Amino acid sequence: MAVTHNITLIPGDGTGPEITEAVVRVVEATGVKIDWEVQNAGTDVYESEGNPLPPRVIDSIRNNKVAIKGPVTTPVGTGFRSVNVTLRQELDLYSCLRPCKYYTGARSLYPKVDLVIVRENTEDLYAGIEFEKGTQNALDVIDFISAKSGKNIRKDSGVSIKPISVFCTERIVRFAFDYARANGRKKVTSVHKANIMKFSDGLFLEVSREVATHYPDIEFEDRIIDNMCMQLVQKPELYDVLVLPNLYGDIVSDLAAGLIGGLGLAPGANIGDNYAVFEATHGSAPKYKGLNKVNPIAMMLSAIMMLNYINERDAAARLDKAIADIIKEGRSVTYDMKPTPSDPTAVGTSQVADEIIRRLG
Ligand code: NAD
């Protein structure tokens, strides 16, 4: 008898709920049995409950172990802490896994791209250790740093701290190598700026090199982040699995999404030792909220990663084929996958789901 999986479903805000609805429909059409536990989070929840990520959401994920999440808006310049960053830190989802694979028919200049970005998710400049310009704490930190380093920081500076530890680097690099091994990948590239930041990025490189010695079957190399960006634009087919500290991983994920035809096609997962939260790379695209316009495929591809994670491999493969077919055909796709964004033949979010469900039969 088929197992029923308990999965936390966070629709998100902005365009999140309409995308999520399309994703739930296609996943259910594969025949996999899922008991969705819907947990709202985000800006609307902030207004009604005073907290964009109430404890009930985290409790639900702790209980179910697996969640799929629509995007959530992070307003700029308010006290609102990013739901995404908090989730990753609370559940110790230390690996952000973002495969970027070209699907035939996608609007891309790079038909050979098949990259996997492994981004460290818990530290670096995302650790949330910041001191606001002009506050006593900022002035104290500036004085302390001047005393210890002999370097002057202007008093009118804001300060963000970039911690990179041996512990977190070791586990993310191991995750990258284990992923490479389990998925028939040949090479891991560690990306850094060790020539400038010797004690943070330098540590990342040194630990990467050490971990690599335990995986003699997988090729290892390193690249400096700026050079990596240029190489990805010029010859992305030379790269396979990339492992990066948090901030570079964030930026390179978007670059890689651009290589394969845009954010509408870039899936992702946040994975720790105990829990996994699947979500697309893109944000909540609030300007399109409620318009049934944006592309649900990135979140559908994230759902495929989730199906593989819960060992529903056949359903994952069938959904992947149905998606690959509609991309190849180019008819039932959203505006971002048409030759121009104003193409009148573009279909809406829910019509993409309808067509995929029709093909899943
Ligand atoms: P965004 O990814 O939401 O949108 C940028 C642009 O990309 C959109 O205007 C649209 O043109 C295009 N786009 C994005 N998703 C698309 C899709 N599915 N189909 C077609 N086109 C798509 O980025 P942003 O505007 O920088 O961020 C909006 C909000 O989302 C911010 O508050 C940001 O903090 C948040 N955000 C959330 C997540 C997350 O929840 N994981 C990730 C990134 C950004």
Side-chain angles (χ1 to χ4, degrees), residues 9-23 26 39-46 52-53 57 67-89 91 93 96-98 100 103 106-108 117 119 121 126 128 246-247 249-258 260-271 276-303 305 323 326-327 332-338 340-343 346-353:
L9 178 70
I10 305 169
D13 57 32
T15 53
E18 53 207 275
I19 297 173
T20 307
E21 199 247 356
V23 171
V26 299
Q39 291 286 346
N40 289 309
T43 44
D44 302 341
V45 172
Y46 181 62
L53 185 65
V57 184
I68 184 157
K69 171 182 163 298
V72 169
T73 307
T74 307
V76 176
T78 63
F80 186 115
R81 183 133 188 259
S82 161
V83 166
N84 305 309
V85 175
T86 311
L87 258 186
R88 290 166 200 166
Q89 288 176 350
L91 297 170
L93 304 171
C96 179
L97 181 62
R98 289 177 167 169
C100 284
Y103 281 85
R107 275 194 321 118
S108 161
I117 313 290
R119 164 187 173 191
N121 235 354
Y126 280 70
N246 210 333
L247 180 63
D250 187 26
I251 297 167
V252 170
S253 298
D254 269 38
L255 192 161
I260 54 150
L263 284 170
L265 288 172
N270 298 293
I271 302 178
V277 177
F278 295 83
E279 63 176 346
T281 296
H282 64 71
S284 56
K287 69 181 177 192
Y288 296 129
K289 177 181 176 176
L291 301 182
N292 186 37
K293 185 173 168 82
V294 294
N295 195 344
I297 290 181
M299 192 169 167
M300 289 177 181
L301 297 175
S302 312
M305 294 171 74
I323 291 173
I326 70 155
I327 296 175
S332 299
V333 293
T334 46
Y335 75 98
D336 55 307
M337 299 190 68
K338 294 286 184 181
T340 63
S342 56
D343 190 316
V347 304
T349 311
S350 63
Q351 286 69 43
V352 174

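Every value quoted in this text rests on a predicted model; they were computed, and no experiment measured them. Counting starts at 1 for both ligands and their atoms, in listed order.
- Considering backbone and side-chain N/O of Val72, one or more are found under 3.5 Å from N/O of ligand 1.
- Counting atoms of ligand 1 from 1 in the listed order, those under 4.0 Å from a heavy atom of Lys287 are 9 (O).
- Ranking protein heavy atoms by distance to atom 21 (N) of ligand 1, first place goes to Tyr335 OH, 3.0 Å.
- Residue Thr334 does not touch ligand 1, judged by heavy-atom distances below 4.0 Å.
- Shown in contact with Asn84 at under 4.0 Å from a heavy atom are these atoms of ligand 1, numbered in order with element: 37 (C), 38 (C), 39 (C), 40 (O), 41 (N).
- The nearest heavy-atom contact from the protein to atom 29 (C) of ligand 1 is Ser284 OG, 3.2 Å.
- Heavy-atom proximity to Leu263, at under 4.0 Å, picks out these atoms of ligand 1: 2 (O), 7 (O).
- Contact between Thr334 and Pro296 at its shortest, heavy atoms only, is CG2-CD, 4.3 Å.
- Protein heavy atom nearest atom 16 (C) of ligand 1, with residue, atom name and distance: His282 CG, 4.2 Å.
- Distance check on atom 41 (N) of ligand 1: some protein heavy atom falls below the 4.0 Å cut-off.
- Of all atoms in ligand 1, numbered sequentially from 1 with element shown, those under 4.0 Å from a heavy atom of Thr281 are 42 (C), 43 (C).
- Sparse packing is recorded around NZ of Lys289, with 12 or fewer heavy atoms of other residues, nucleotides or ligands lying under 6.0 Å away.
- With a 4.5 Å cut-off on side-chain heavy atoms, Ile10 and Glu279 do not count as touching.
- Contact annotation for Asn295 and ligand 1: heavy atoms of both the backbone and the side chain come within less than 4.0 Å of the ligand.
- We find the CZ-OG distance between Arg88 and Ser82 to be 6.5 Å, quoted to the nearest 0.5 Å.
- Ile327 approaches Ala106 most closely through the heavy-atom pair CG2-N, 3.7 Å.
- With rounding to the nearest 0.5 Å, the separation of CG in Leu97 from CE in Met305 is 4.0 Å.
- Atom 3 (O) of ligand 1 is flagged as protein-proximal [any protein heavy atom, distance under 4.0 Å].
- Using a 4.5 Å cut-off on side-chain heavy atoms (C-beta onward), Leu301 and Tyr103 make contact.
- Taking each heavy atom of Lys293 and Thr349 in turn, the nearest pair found is N-OG1, 3.3 Å.
- Checking atom 10 (C) of ligand 1 against the protein gives a heavy-atom contact under 4.0 Å.
- Shown here, atom 25 (O) of ligand 1 is out of close reach of the protein: none of its heavy atoms lies under 4.0 Å off.
- Using a 4.0 Å cut-off to heavy atoms of Pro286, the atoms of ligand 1 that qualify are 28 (C).
- Under 4.0 Å from ligand 1, not a single heavy atom of Met299 appears.
- What you find for Thr20 and Gly70 is that their closest heavy atoms are OG1-CA, 3.9 Å.
- Here the side chains of Ile19 and His282 are in contact, with some heavy-atom distance below 4.5 Å.
- Considering only heavy atoms from C-beta on, Asn40 comes within 4.5 Å of Pro11 through its side chain.
- For ligand 1, the polar-atom distance check against Pro71 finds no nitrogen or oxygen pair separated by under 3.5 Å.
- Near Lys69, with a cut-off below 4.0 Å to any heavy atom, the atoms of ligand 1 are 39 (C), 40 (O), 41 (N).
- Those atoms of ligand 1 with a heavy atom of Asp336 less than 4.0 angstrom away are 20 (C).
- Here the closest heavy-atom approach between residue Ala41 and residue Leu53 is recorded as CB-CD1, 4.3 Å.
- Residues Ser253 and Cys100 approach most closely at O-SG, 4.5 Å, considering heavy atoms.
- For atom 13 (N) of ligand 1, the protein comes within 4.0 Å by no heavy atom at all.
- Atom CD of Glu21 and atom CE of Met299 lie 11.0 Å apart (nearest 0.5 Å).
- Gly283 N, 3.5 Å is the protein heavy atom nearest to atom 1 (P) of ligand 1.
- In terms of protein heavy-atom proximity, atom 33 (C) of ligand 1 is nearest to Thr74 N, 4.1 Å.
- For ligand 1, the atoms closer than 4.0 angstrom to any heavy atom of Thr73 are 32 (O).
- Considering both main-chain and side-chain atoms, Ala285 comes within under 3.5 Å of ligand 1 through a nitrogen or oxygen pair.
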